[in-house]
Protein chains: 2
Amino acid sequence: MVNVGKRSGRPRAGEERLSREAILTAALRIVDDEGIDALTMRRLAATLQVNPMSLYHHLPNKAAVLAGLAELVFAGLELPDPGDAVPWDEQLKEAARAYRNGLRQHPNLALQVLSDTSAVSDVVVVTMEPFYLALDRAGLSPRQIFEAANTLIDFIHGFSLGEASVRAQTFELAPDLLTRVRALPADKAPTLTRIVDGLGVEGLAYDFDDGFESGLSTLTAGIAATARRR
Amino acid sequence: MVNVGKRSGRPRAGEERLSREAILTAALRIVDDEGIDALTMRRLAATLQVNPMSLYHHLPNKAAVLAGLAELVFAGLELPDPGDAVPWDEQLKEAARAYRNGLRQHPNLALQVLSDTSAVSDVVVVTMEPFYLALDRAGLSPRQIFEAANTLIDFIHGFSLGEASVRAQTFELAPDLLTRVRALPADKAPTLTRIVDGLGVEGLAYDFDDGFESGLSTLTAGIAATARRR
DNA sequence: ACCTGAACACCGTTCAAGT
DNA sequence: ACCTGAACACCGTTCAAGT
């Protein structure tokens, strides 16, 4: 056997050591494959072929594992910078799309990620640059930029939450909505009933991509109005 | 002792029986007082002075308890109808404010509520009427109403999630953001740094009420633009 | 420094038995 | 029909002991 030296090259099987990174990677795999409930310290240790207690030398507790996962997801976000070649609102939409796509990579983690304030504020800070850039070009005041960015992020979070929840289960959004609305007493929600019923299954056909684009258009239109009002 | 009859008036102590409603009420109290993690079947049974297994005669499992809680929260929503006395956008904002306030009543449950698709779709159906009403008055097409309502709800959900997460922990948003941004390498996020740094602690002072109103204004402005474009 | 085994104080839930 | 006790198969984490 070659490479018997202490530290050169890929560590031999017996030499592999536990590390925070290795633990988090294994944890992410479990969550992606089997959902957040499948992630237990004991299970995680088992997949790493290690005693459960060994984990505690690298991460203080399970909460830290979850926080670490949220961090991982945000670190995986790659927000492109289309630059000034494109109008500010398209630039803003691109940033939003990239952010949503990042969150979509790990749907089973969406809830954890979106509710982990420290993870959010930690990396949101960096991922927000493209948003600020585009909003600055739109001609907003600093305060308006701050508020518009928050609003946009909130929309993306809410949208992503819904998307992740629906994907976790599997049901058809449109027929379900239609059924529920039709089950309502006639006078309970007249406008809702008229609109939804009028749209029908095909009119309600809900595509998450379209829904997201629709939201982005509404928001950029609203932001444009704010800019004019400055 | 008066009132010894079988069913009239308040049931006597010995007569009280377990019921789905009683269980959920007790569960809600635990979650409100001590957080979602404090809710265990055994703990719940203890506060009801009952054997843990008794609960299973009224609810199939713990997931059903959580789903029931989400349902409770939505059922507690009261969306006022300001009627036509007010312009459509103010009517829409009122519906949004009421919805947010409903979600705020039980911050420890926000995550559960917002990610419980069946609870959401179940009662959202009813609570959406005021939104549809206002959007209809705005002159949108049925499809536009559907999409605008979804966008608005997504924003409220994302906003509420952030609000609940921040309240659960206790830290100051503005100084925290400022600290994080100042810790960034100078060229990492130039626009973000310039804007946030320029605003300073007082400029960043974040009030959730103001943030919500700002989002609502942006969204209604965007919706108004959509209506014009019809 | 890193890993382990045994143990503690919990979980949710099944099942057979009580009334 | 409703409730219970004992039991099963798990949890996260502490602690003292190993190397």
Side-chain angles (χ1 to χ4, degrees), chain A residues 6-7 10-31 33-70 108-109 111-112 115-116 118 168, chain B residues 6-7 11-31 33-71 108-109 111-112 115-116 118 168:
Chain A
K6 288 234 168 133
R7 307 231 163 282
R10 176 173 168 281
R12 299 184 311 157
E15 256 184 297
E16 271 157 26
R17 278 236 164 329
L18 222 44
S19 67
R20 194 186 118 99
E21 201 198 349
I23 294 173
L24 291 179
T25 304
L28 186 57
R29 172 172 221 99
I30 293 175
V31 172
D33 291 352
E34 306 175 43
I36 194 96
D37 288 338
L39 182 69
T40 70
M41 296 301 269
R42 293 171 121 106
R43 172 96 159 68
L44 182 52
T47 72
L48 288 162
Q49 290 179 300
V50 113
N51 184 288
M53 296 312 107
S54 303
L55 305 175
Y56 288 85
H57 290 278
H58 301 91
L59 289 149
N61 50 41
K62 189 181 181 178
V65 175
L66 290 171
L69 288 183
N108 294 340
L109 218 49
L111 214 63
Q112 170 63 31
S115 60
D116 187 318
S118 72
Chain B
K6 289 235 166 128
R7 306 234 163 278
R12 298 185 312 158
E15 256 183 297
E16 272 157 25
R17 278 236 165 327
L18 223 43
S19 68
R20 195 185 118 98
E21 200 198 350
I23 294 173
L24 291 178
T25 305
L28 187 56
R29 171 172 222 98
I30 293 175
V31 172
D33 291 351
E34 306 175 43
I36 195 96
D37 289 338
L39 182 69
T40 70
M41 297 302 268
R42 293 171 121 107
R43 173 96 158 69
L44 182 53
T47 72
L48 289 162
Q49 291 179 301
V50 112
N51 184 289
M53 297 311 107
S54 303
L55 305 175
Y56 288 84
H57 291 277
H58 300 91
L59 289 148
N61 50 41
K62 189 180 181 178
V65 175
L66 289 171
L69 288 182
E71 206 183 283
N108 294 339
L109 219 50
L111 213 62
Q112 170 63 31
S115 60
D116 187 318
S118 72

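First the proteins, then the strands, lettered A, B, ... as listed; each starts at 1. The analysis underlying the following values was restricted to heavy atoms, covering all of them including side chains, and did not include hydrogens, waters or symmetry mates.
- Protein atom CG of L48(B) is 11 Å distant from nucleotide atom P of dT4(D), rounded to whole Å.
- Base contact: M53(B) has a heavy atom under 4.0 Å from a base atom.
- Closest heavy-atom contact between A27(B) and L44(B): N-CD1, 3.6 Å.
- Looking only at distances, no side-chain donor or acceptor of H58(B) sits under 3.5 Å from a matching main-chain atom of I23(B).
- Applying the Watson-Crick and G-U wobble criteria (two distances, each under 3.5 Å), dC8(D) pairs with dG12(C).
- Rounded to whole angstrom, the span from the CG atom of L18(B) across to the P atom of dC2(D) amounts to 10 Å.
- Between N51(A) atom CG and dC11(D) atom P there is a gap of 14 Å when expressed in whole angstrom units.
- Spacing between atom CZ of R43(A) and atom C1' of dA9(D) amounts to 16 Å, rounded to whole angstrom units.
- For H57(A) against dC2(C), a side-chain-to-base donor-acceptor contact under 3.5 Å is absent.
- Nearest nucleotide to the side chain of Y56(B), out of dG12(D), dG12(C), dT4(D): dG12(C).
- Put simply, CE on M41(A) is 10 Å from P on dT14(D), counting in whole angstrom units.
- If you take CG of L59(A) and C1' of dT14(D), they are 17 Å apart, rounded to a whole angstrom.
- Remark: dT19(C) base-pairs with dA1(D). Criterion, Watson-Crick or G-U wobble with two distances under 3.5 Å.
- What separates CD of Q49(A) from C1' of dT4(C) is a distance of 16 Å, to the nearest Å.
- How far CG of L111(A) is from CG of L66(A): 11.0 Å, rounded to the nearest 0.5 Å.
- Residue D33(A) qualifies as enclosed at atom CG: its count of foreign heavy atoms under 6.0 Å is above 12.
- The two residues N61(A) and M41(A) have their closest heavy-atom pair at C-CE, 4.2 Å.
- Remark on DNA chain C: of its neighbouring residues S54(A) and R42(A), the 5'-side contact belongs to S54(A), judged by nearest-heavy-atom nucleotide.
- dC2(C) atom C1' lies 18 Å from atom CZ of R20(A), rounded to whole Å.
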